[in-house]
Amino acid sequence: DAKTTQPNSMESNEEEPVHLPCNHSTISGTDYIHWYRQLPSQGPEYVIHGLTSNVNNRMASLAIAEDRKSSTLILHRATLRDAAVYYCILRDMEYGNKLVFGAGTILRVKS
Amino acid sequence: KAGVTQTPRYLIKTRGQQVTLSCSPISGHRSVSWYQQTPGQGLQFLFEYFSETQRNKGNFPGRFSGRQFSNSRSEMNVSTLELGDSALYLCASSLVGQGANYGYTFGSGTRLTVV
């Protein structure tokens, strides 16, 4: 399974943008980049995913480097409800039937 | 639309007993996966079912088993419980059984405590 590297923790101020980095230098051509987050006492929640192009949805944006060896999850205006553990995961297109979670990044949001 | 439902939410069992956990996926989702979450090991994949067949299995002992029914509902069973089996067990469902172009929807989990 391809591995990802994320910072252990990050801190942000409320209402400011947050850029959560992820390194995946061993990514293969068929790996999708997925992001999930887990709020306290809840199961993980799907945030966004992409393959090569940048992606936007109502929750966040995903910026993928041209060589695909890194990506950044962007929360445009952090709120207290965004405080969670964020996981960056690589999923193989053909055998993407499991998610391999790393330790993730703990995001703290200050008011 | 209803999310992924896991029952029960909390469970306390004694060492040596067995336990069955239930998961009802989102309507139309045929892929159901199970994960174990502990403070020490984080989130670990147990197994995945699609159309009543186990298609992928994680690195867990044979005491952990599961099954999926024709309506896509799934159960997982842990026999001969050990203290180390205390964890949050999460179920996730997906629209299709293969391909990485879909997200998983997780339930809130079953918190199992073995005493």
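The chains referred to below are lettered A, B, ... by the order of the sequence lines, with proteins before strands, and numbering in each begins at 1.
Side chains of F106(B) and Y36(A) form a contact here, defined as non-hydrogen atoms less than 4.5 Å apart. Within the 4.5 Å cutoff, the side chain of Q41(B) has no heavy atoms near those of the F101(A) side chain.
The local environment of CZ in R81(A) is sparse, with at most 12 non-hydrogen atoms from other residues, nucleotides or ligands closer than 6.0 Å. Counting non-hydrogen atoms of other residues, nucleotides and ligands closer than 6.0 Å to NZ of K69(A) gives a total of 12 or fewer. Within 6.0 Å of the CG atom in N71(B), the count of heavy atoms belonging to other residues, nucleotides or ligands exceeds 12. Other residues, nucleotides and ligands contribute over 12 non-hydrogen atoms within 6.0 Å of the CG atom of L39(A).
For a residue to count as touching a neighbouring chain, one of its non-hydrogen atoms must lie under 4.5 Å from one of that chain's; by this rule Q44(B) does not touch chain A. For L43(B), the parts lying near chain A are the backbone and the side chain together; criterion is any non-hydrogen pair under 4.5 Å.
Distance check: H49(A) NE2 to Y104(B) OH gives 12.5 Å after rounding to the nearest 0.5 Å. Rounding to the nearest 0.5 Å gives a distance of 11.0 Å between CD of Q42(A) and CG of L90(B).
Both L81(B) and L11(B) are part of a single hydrophobic cluster, where members link through side-chain heavy atoms under 4.5 Å apart. I26(B) is not connected to Y49(B) by any chain of hydrophobic side-chain contacts under 4.5 Å among Ile, Leu, Val, Met, Phe, Trp and Tyr, and they are in different clusters.
The shortest heavy-atom contact between Y35(B) and L99(A) is OH-N, 2.8 Å.
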